Amino acid sequence: MAETDIALEYKHGKASYWIATLLVLMVAAVLAGLLHPVHISRVKVAPEIWQLPIDALWSLWRMFAAYVISLIFALSVGIYAARRPKSARIIIPILDILQSIPIVTFFPAALGIAIRIFGGGRFGFEVAAVVLIFTSMAWNMAFSVYDSVRAIPHDTIECADSFGIRGYQRLFTITIPACIPGLLFNSILSWAAGWFALTACEILPVNNATLPGLGSFIQHAQNSFNPLLMGIVGVAALFTVVIGLEIFIWRPLGVWAERFRYEMTVSTLSRDPRGILGWYRHGFLPHLMMRYIVTPLNVGVNAVISNVRGSAQKIVIPRMEVPGLPARTWFFVIRFMGWGLVAILFGFGIFHVYKIISGNIPISYAKQIPEVIAFSYMRIVVAYLFSVAWTVPLVLWAARHPKALRAISSVSQILASLPAISLTFLVVDIFIIKLKLGYLGIELACLFLLMNGVQWYVLFNMLGGVSKIPGDLIEATSAMGLSKWQKFRNLMLPAMLPSLLTGSLTAFGGGWNTLIFSESISYAGNYYHVPGVGWMLDVASGQTSSTLHPAQLSSLLLLTIGALIGFIVIVNVLVWKRLQRWAAAKFRLDY
Amino acid sequence: MLLKLENVSKVYQTDGPPATILADICLTVDRNQFVCIVGPSGCGKSTILRLINGLLPISSGKVFFKDKPLSGINLECAMVFQNFALLPWLNVMQNVVLALEARGVPVADAEKRAAFYIDKVGLGGFETAYPREISGGMKQRVGLARAMAVEPELLLMDEPFSALDALTSINLRQELLSIWADPNLAVSTVIMVTHIIEEAVELADRVVLVAGRPGRVVADIDIAMERPRLKNCEQFTRYVDSIFSLLAEF
């Protein structure tokens, strides 16, 4: 998660933060108006092992599609916001809110909307899945692009101006290269979040079918002859895919991305002296491929692009002369129309919400909403505390051992990509069936799964924070003879506090996401749950048998989602933003 | 004899063949001397300081401090850093006190000593200021106060004025000399690394030239001039010229 100066932005634009919240709620209301009740059923299909490679390919295609869309989104929005500070004042808070809300929990709703638009077939399902994965990937990448573009040294910009580097040339030679290191780090994080969203989408059956993929394979394993074995096989397949990606894509990309850094120091986290990149550069097979496939392809593509660019630059866009009224009046009219449109949308949304809710509220369920939110929040807090308890000491220890640091970051990237959902079966098997712990077992299972969704964010942000401690401060504290404890208290802890805070904020976001899948689990015909928001959402999306009819379900869903968003935003504003502002001001490393 | 380096070398492990930064450095420093180490960039001058302080391990050779071989960080030296190395979240007083705390000085005494040295460097009244609120010259004075507060036997300075503007440096050089000459203050021996030859000739009793890749001691020149030294006198210019011509071959 990029460390935007969200806290400082917030200081200048409190009003824009509330406007942003309002905008998000309005869009949510409008979308709610399009809600179509979805029949979600239990599917009893046993998976076959030979399906695994195909399933893996289906899962991968969804991830890539969502990633490409996220990339385009991140680059467009990030660069746009970085170039126009006024627009940024609205865009950044919107992204911030979207990042904190557990969008995956709205998958049933998203499905409903997609079905309304695309019809009930497979295509709508796929679209909904890709959109959902996109929403788990895009926000932190957009922040990263925004940060990177703003961090381009002023000298470079002046140089570009004075040499007349404009338009496409500037975009491709200066702006985008500046984004690459941050984008790479955030892509890895995004993919980890994406795997989670992917498995979440693949688990839900709609109209008696699920999407083919690794997630559904693992989920359906419970219907096979040996649930535990098949489940483990599925997870192993997922694991293999993730490791493969790490070795063949992320590592080499990481080394390549180093050259785009503006700082003169090399990050210890991505050095790969003799590894796969060496093989890429010198191995026999890659050499062949380079010579006969890649290079000719490169030359061809370059020729096409330069032709297009050449002719594009010859197009002169005439300055628009708007007749009649002066420009200021036109601007006023356009802005007025824009806000009018927004108000109309808002009206529609409210109307639909009213239609859904009025007369349909299942009181017995609805009045439990506040207390389930409280329960869930407490669970996340506990998971968060446990996560901090092991990640912080580990990172502090590893800060002094660069090799360990690298190992930890690689291993944790892989482990983080294993979505907690895929482990539900294992967890249920151990805690509930084998150990026979009853209700305590369910809570422990939920805690274990929650921690999986929370701890990686804390760990990654702390790892990022370690590399930000300036070397000469470390030297100075060594030279002064500070003991380990003194160094920790005076240097490492304060220096990493901003990263810890950012990590905590995203960790809580991840926690809400994981919650829905941790609080109610169905395995081998049994349904286990603990009271919480996840369970409530399950009920409201019709995944558990209850005595409510569809209209009531929709209104319950809406109420729960609304209450959840409200709660999260309030906690954000009251707690996290304040903390971030304080930390950013007191612990800035540049002076 | 306070410090002695015998055939000290430093080798770094890299991806390719190991890189030798320093080779066969021999250096002897006596008490009450002001020694400047001069040389072009990249020849390992700062590395020598870190070897003396114990921040980096020696690859071969021996370092003797007060006739005892060096092991680990040498707490009887104190270093002043090129980029100040102040903790941004501590104010001036807290930064200086930190160094004393590390030596186990009780808090009340630490604050008294810190206040004394902060005053000595001319920052009286700025004890509660944070690093981002003070200028570069003031930051380096804090660094100096912090180093002096622990009353070290040997003061190590790593290009202390190169991050400051020319006028501030001129002032700070004079102040450094008066602090060094002051018998009431603990600072008696100084080793300073610099790449500005005039600065070395103005301040030092001895100028040690380190040059080449790997860095070696090329010359050891005594500056036999009385202080205060006038920068436009003929003797000064001759010293500077001879050092320049010695370094020109590298």
Side-chain angles (χ1 to χ4, degrees), chain A residues 8 255 258 263-266 268 270-278 281-282 400 402-403 406 465 468-501 579 581-591, chain B residues 13-16 46-47 49-56 72-91 94-105 129-136 138-139 142-143 146-147 149-150 152 154-159 163:
Chain A
L8 295 181
V255 179
E258 279 298 317
E263 305 103 53
M264 292 302 138
T265 55
V266 175
T268 48
S270 59
R271 298 203 62 204
D272 184 36
R274 277 170 292 271
I276 198 74
L277 195 62
R281 285 192 183 131
H282 307 297
R400 273 175 282 124
K403 283 206 184 130
R406 254 181 293 147
K468 288 201 173 97
I469 304 179
D472 48 341
L473 284 186
I474 300 182
E475 261 194 335
T477 47
S478 302
M480 286 194 277
L482 289 182
S483 68
K484 281 190 199 158
W485 163 248
Q486 283 172 323
K487 257 199 221 170
F488 166 74
R489 196 171 67 83
N490 284 295
L491 177 62
M492 321 221 72
L493 191 59
M496 295 213 280
L497 208 58
S499 308
L500 180 57
L501 270 181
L579 276 177
R581 243 187 302 156
W582 167 77
K586 183 149 171 97
F587 298 107
R588 283 179 88 119
L589 283 169
D590 54 327
Y591 59 93
Chain B
Q13 299 299 328
T14 63
D15 302 339
S46 301
T47 315
L49 278 191
R50 280 159 177 78
L51 291 176
I52 296 174
N53 201 354
L55 282 174
L56 294 174
I73 304 243
N74 186 354
L75 287 178
E76 295 179 84
C77 312
M79 178 122 85
V80 177
F81 292 86
Q82 182 177 8
N83 287 305
F84 327 127
L86 301 178
L87 293 178
W89 41 84
L90 299 178
N91 62 28
Q94 288 165 339
N95 261 296
V96 179
V97 164
L98 184 65
L100 291 170
E101 258 179 37
R103 313 280 165 126
V105 177
Y130 283 90
R132 74 183 74 92
E133 296 163 1
I134 55 182
S135 71
M138 293 162 85
K139 286 195 265 251
V142 178
R146 178 175 67 182
V150 299
L154 176 59
L155 184 66
L156 301 170
M157 307 182 85
D158 184 6
E159 306 207 30

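These figures come from a predicted structure and were not determined experimentally. Per chain, numbering begins at 1; letters A, B, ... match sequence-line order.
Interatomic distance, CG of A:Leu482 versus CG of B:Leu98, reported as 4.5 Å (0.5 Å rounding). The distance from the CE atom of B:Met79 to the CD atom of A:Glu475 is 5.5 Å, given to the nearest 0.5 Å. Rounding to the nearest 0.5 Å gives a distance of 7.0 Å between CE of A:Met480 and CG of B:Asn95. With values rounded to the nearest 0.5 angstrom, B:Leu55 atom CG is found 11.5 Å from A:Ile474 atom CD1.
A:Gln486 places a side-chain N or O within 3.5 Å of a backbone atom of B:Glu101 that can act as its donor or acceptor partner. Counting only distance, with no hydrogens or angles, the side chain of B:Trp89 and the backbone of A:Leu491 share no donor-acceptor pair below 3.5 Å.
The parts of B:Ala99 that come within reach of chain A are both its backbone and its side chain, each placing non-hydrogen atoms under 4.5 angstrom from that chain.
Contact detail for A:Ala479 and B:Leu75: the closest heavy-atom pair is O-CD2, 4.1 Å.
Take A:Ser478 and apply the side-chain hydrogen bond (donor to acceptor under 3.5 Å, both in side chains) test, not counting sequence neighbours, and it matches A:Lys487. B:Arg103 pairs by the salt bridge (charged side-chain N to carboxylate O under 4.0 Å, His left out) definition with nothing, not counting sequence neighbours.
In this structure the side chain of B:Leu90 never reaches within 4.5 angstrom of the side chain of A:Pro494, judged on heavy atoms.
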